[in-house]
Amino acid sequence: MKKMTKVRITDTTLRDAHQSLWATRMRTDDILKIASEIDEAGYYSLECWGGATFDVCMRFLREDPWERLRFIKKACPKTPLQMLLRGQNVLGYKHYPDDVVDRFVALACENGMDIFRVFDALNDPRNLETAVRSVKKYGGHAQGTISYTTSPVHTVKAYVKLARELRSMGVDSICIKDMAGILTPGAARELVSALVKAMPDMPIQVHSHMTSGMAAAMYMAAVESGAGCVDCAISTMSSFSSQPPVESVAAILSSEGYDTGLDMSRLQKINAYFKELKKKRQPASSAKVEPVDAGVLVHAIPGGMISNLRSQLAQQDALDRLDEVLEELPKTRADLGYPPLVTPTSQIVGVQSVLNVLSGKRYSMVTDETKRYAAGYYGRTPAPIEPSLRKKLAGSLKPIDCRPADLLAPGLVKAASEIPPYTLKSEEDILSYVLFPEVALGYFKWRKEGGPIPADAEETAASAAPAASAPKGAAASAPDAKGPAVRGTPVVAPLNGTFYRSDAPGKPEMAADGASVKTGDSVCVVEAMKLFNPIKSPAQGRITFVAAHGKSVVKGEVVAFVE
Ligand code: CO
């Protein structure tokens, strides 16, 4: 009989699985009722925090994410807790200053986090440095991540080079993160073998999604090539766009002589619990989801991204143009230097592709995020952007080549001074506020004054999936979109969306009628596709608004006049 080799499994049920299937709506109570069973099951670690959980906790569940972490730690003393951290983006959609990253990691450690899977959408090591250093400083396990994608520049050699850089940063292990579920068994074998050969002592973990149906087979190939840990979810919370089912993967591995050390009868009990919970928490919309999206095998666009594109197009009354957008998307991605499609680059590439199709002229409308991306404010693109296109996209923004966070002044002290003191309870609150200012203030106010809690399942289905969360404060502008030869001086909505009579999103004061404006001034905003599109004045003069603040407008509608 073959000697059993040990392979460990990370359980993602408490984070990625419900983020992928239930729009992240699992509640702390739901978790605590089953936590001790999960703790006893024999997992390597429990991924239970980070990703979209933090935002959704405060925004929709009216829960304190820090408190959730403390409760889980108490209920699960045996198994290490794990989180997903977006490097310099922490849990948000932009780069934060180093003091924010460092203090966030320190408090996460203090509150019970053990393993930090740190990734960057562009695989730019400079965006991981601070987070990895802080994790080590505060005694955590730093897992460096390869965000997996395919492109002419994403070769095995390039991934090994990245892994070496991660190792020199001091990471304790490396994760291959296949967020789109496009890693084939063959490619996994090649990549894992190359990593093992380059650094035999480095533990390798593989994370994938069942979107294309390949992940369980791919895990087997990865394990045979030397991966020591794979990510699974309990069967009821698995498959579709979630992880492969732990019971099945354990059975496959065991049949090939690998021991996962999992207590199978306990897994049954855990599964029975989630089967019941599913009745309450699963969004109604998930009934329409196909179990396998074979299209991913062709276009390699993550499933969540396609549903976002669909809803963005629906808002623009242009659902019939989805095929054009799917055709445009790989071209936009190539133009932008082949970024892996993961938050926030998936939003940047997705929205820009939609605009490229709808505007009729590629890059005649450029989102503010695309602008910043092209100018280097997200980090180094995997392949360089063609210089004249980069210049055009960056527009007035000065291109940078340094580590983006080097340009940011410390943010904690300023943030602390912005929170109404009567709502502030702990230092953790300051971090919550830095990452999600409006959401956190709303939550703090609710905590202080009470109020309704958003309802369960049906509301869940209706509200935005976290995967669809747009970069905050993102905005689109049309640098050379003088539009169809605007004469006189109507101001026209460039897209269907919600009209705001202010020149910046979230700005409380409304622009007044009669204010004097200059040509090119941002005079109002149309919120569309989860992005705020500032509208520029086509002329100099005094502005009179005709559209109502907060109301829907359609493309081409006159929203104001400049006299
Ligand atoms: Co994932």
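The structure displayed is predicted, hence computed values, not measured ones. Whatever order the structure lists them in is the order used to number ligands and atoms, beginning at 1.
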Just jot down the ring pair (Phe, Tyr, Trp, His ring centres under 6.0 Å) partners of H141, sequence neighbours excluded, or say none.
none

Between T370 and Q352, is there a side-chain donor-acceptor contact under 3.5 Å, judged purely by atom types and distance?
yes

Those residues that, when tested against E247, pass salt bridge (Lys or Arg N to Asp or Glu O under 4.0 Å) (two or more places apart):
none

How about the Co ion (ligand 1), which protein N, O or S atoms come within less than 2.8 Å?
D16 OD2, H207 NE2, H209 NE2

S20 and S241: side-chain hydrogen bond (donor to acceptor under 3.5 Å, both in side chains), yes or no, with the steps?
CA-CA 6 Å; S20 299; S241 57; 4.6 Å; no

Could you pull out all residues at least two apart from E110 that satisfy salt bridge (Lys or Arg N to Asp or Glu O under 4.0 Å)?
none

Verify the distance criterion only: is there a donor paired with an acceptor across the side chains of Y219 and D231 at less than 3.5 Å?
no

